[in-house]
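Worksheet: the structure to be examined is printed underneath.
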Amino acid sequence: MTTLHQSHGRLERYYDAVPRASARAEDFGPLTLFVRETTGFPYYARPTQGWTGRAAGAEDIDRVRARQRELGVPEAFEWVAEVTPDLRRGVEASGLRVHDHPLMIRDGDAPLPAPHPLVRILGPEDPLLAGALAVPHLAFATPGTAVGEAGPAELTAETTARAGDVPAAADRIRAGRTVLAAAVENGGVLCSGMHLPVGGVSEIAGVGTLPSARRRGLGLAVTAALVTDARTRGVETVFLSAGDDDVARMYGRLGFRRVATALIAEPPE
């Protein structure tokens, strides 16, 4: 049986490994800044893997933030509270706002629902790839689970605006670094998400539903399809960070249980 300490160690190694496939790592002592070198969601700074020196303080955070501003990337930091508990103090002293998210690992023997008829895995040449990449941006722009206004017209505009993301995403799919699933109805994407396998670990990320299509169980259906795919690839540890406790309870229906708290820091609005 995997202990909690072993799970944390496995996730820390994963968090360090995933960005390196498409980003360069800049060394700031107790912190590492990952700078994406392809299109896609920007990366962040996080505790340096294996660091045994002093804890990061506000001055370290300020130095990284200055570099992020210089690069024109978000001033974002991510870490696990239970692994690096002292980082929050320095981050908040630097003036950033910290958001708490349930970090959840799936019990491997938990049952999954039957495949949803609208959900499928997308290949690198799939004509709906651009739409699947665009949906989460609309979803995250309107947080929560309530039905919203953004629908097909907004998705068309967002898809056009993010057409440049497709080639790099297709390359990641071909290389097996990204697996993308989508719920499709009447030729349009209603929900999408991905998992990012590295060795025996994969994170489910970017699961978002078009606001006008919410409350249909599509997020859970896409997540279930991603879990199934990960299992077929031999992934032993599947995990995710839930948006809040309400969303965490939904993921609990798929066998995910909370093991820690993922922290994300960014400038206050």
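Just so we're clear, the structure is a prediction, and the values are computed from it rather than from any experiment.
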- Arg89: side-chain hydrogen bond (donor to acceptor under 3.5 Å, both in side chains) partners, not counting sequence neighbours: none
- Counterpart residues, side-chain hydrogen bond (donor to acceptor under 3.5 Å, both in side chains), relative to Thr142 (two or more places apart): none
- What is the minimum heavy-atom distance between Ala260 and Val80, and which atoms define it? CB-CG1, 3.9 Å
- Message: Just to verify, what does Glu236 make a side-chain hydrogen bond (donor to acceptor under 3.5 Å, both in side chains) with, not counting sequence neighbours?
- Response: none
- Item | Test side-chain contact (heavy atoms from CB on, under 4.5 Å) applied to Arg162 and Glu158, step by step | CA-CA 6 Å; Arg162 298 189 177 275; Glu158 189 73 16; 2.5 Å; yes
- Stepwise side-chain contact (heavy atoms from CB on, under 4.5 Å) test for Phe34 and Arg20: CA-CA 8 Å; Phe34 293 104; Arg20 294 180 184 273; 3.9 Å; yes
- Query: Cut-off 3.5 Å, side chains only: do Arg65 and Ser94 have a donor facing an acceptor?
  - Reply: yes
- Tell me, with the steps shown, if Arg54 and Asp86 meet salt bridge (charged side-chain N to carboxylate O under 4.0 Å, His left out). CA-CA 10 Å; Arg54 61 175 178 79; Asp86 295 334; over 6 Å; no
- Message: Go through it in stages, so that I can follow the logic: the residues are Asp16 and Arg13, the test is salt bridge (charged side-chain N to carboxylate O under 4.0 Å, His left out), and I'd like the CA-CA distance, side-chain angles, deciding distance and then a yes or no.
- Response: CA-CA 5 Å; Asp16 182 76; Arg13 291 189 292 274; over 6 Å; no
- Message: For Arg63, is there an ion pair with Glu59 - N to carboxylate O distance below 4.0 angstrom?
- Response: no
- Assess whether ring-ring contact (aromatic ring centres under 6.0 Å, His included) is satisfied between Tyr14 and Phe239, documenting all intermediate values. CA-CA 11 Å; Tyr14 175 91; Phe239 76 101; 5.3 Å; yes
- Could you list all the side chain to side chain donor-acceptor pair (under 3.5 Å) pairs where at least one residue sits in residues 215-225, not counting sequence neighbours? Glu185-Arg216
- Task: Measure across Gly208 and Ala139 and return the closest heavy-atom pair with its distance rounded to 0.1 Å.
- Result: CA-CB, 3.7 Å
- Message: Who clusters with Leu263? Use side-chain heavy atoms, under 4.5 angstrom, across I, L, V, M, F, W and Y, and order the result by chain and number.
- Response: Phe28, Leu31, Leu33, Val35, Ile61, Val64, Leu71, Val73, Phe77, Trp79, Leu87, Val91, Leu96, Val98
- Message: Please confirm whether the ring centroid of Tyr15 lies under 6.0 Å from the ring centroid of Tyr44.
- Response: no
- Task: Output yes when Glu266 and Arg97 qualify as a salt bridge under the 4.0 Å nitrogen-oxygen rule, no when they do not.
- Result: no
- Item | salt bridge (charged side-chain N to carboxylate O under 4.0 Å, His left out) between Glu125 and Arg174, worked out | CA-CA 10 Å; Glu125 310 299 333; Arg174 290 189 191 95; 2.5 Å; yes
- Query: Of all residues at least two apart in sequence or in a different chain, which pass the side-chain contact (heavy atoms from CB on, under 4.5 Å) check with Ala21?
  - Reply: Arg177
- Note on the structure: Applying side-chain contact (heavy atoms from CB on, under 4.5 Å) to Pro152 and not counting sequence neighbours gives Leu210, Ser212
- Query: In the hydrophobic clustering (ILVMFWY, side-chain contacts below 4.5 Å, transitive), which residues join Ile264, or is it alone?
  - Reply: none
- Task: Would you list the pairs meeting ring pair (Phe, Tyr, Trp, His ring centres under 6.0 Å) in which at least one residue belongs to residues 125-160, sequence neighbours left out?
- Result: Phe41-His137
- Note on the structure: Nearest heavy-atom contact between Gly187 and Leu128 is O-CD2, 3.4 Å
- Item | Worked verdict on Glu37 versus Arg24 for salt bridge (charged side-chain N to carboxylate O under 4.0 Å, His left out) | CA-CA 7 Å; Glu37 296 184 311; Arg24 70 176 184 272; 3.5 Å; yes
- Item | Donor on one side chain, acceptor on other, Thr209 and Arg214, under 3.5 Å | no
- Message: Per the ring pair (Phe, Tyr, Trp, His ring centres under 6.0 Å) rule, what does the pair list look like for residues 174-204, sequence neighbours excluded?
- Response: none
- When you check the gap from the basic side-chain N to the acidic O, do Asp165 and Arg172 get nearer than 4.0 Å? no
- Item | CA sep, side-chain torsions, deciding dist, call: Leu11, Val201, side-chain contact (heavy atoms from CB on, under 4.5 Å) | CA-CA 8 Å; Leu11 296 190; Val201 182; 4.2 Å; yes
- Item | Sequence neighbours excluded - salt bridge (Lys or Arg N to Asp or Glu O under 4.0 Å) pairs with any residue from residues 220-232 | Asp229-Arg233
Listing, residues 101-122 side-chain donor-acceptor contacts under 3.5 Å, not counting sequence neighbours, or none:
from	atom 1	to	atom 2	distance (Å)
His101	ND1	Ala242	O	3.2
His101	ND1	Gly243	O	3.0
Arg106	NE	Leu254	O	2.7
Arg106	NH2	Ala110	O	2.4
Asp107	OD1	Arg257	NE	2.6
His116	ND1	Leu118	N	3.0
Arg120	NH1	Asp126	OD2	2.5

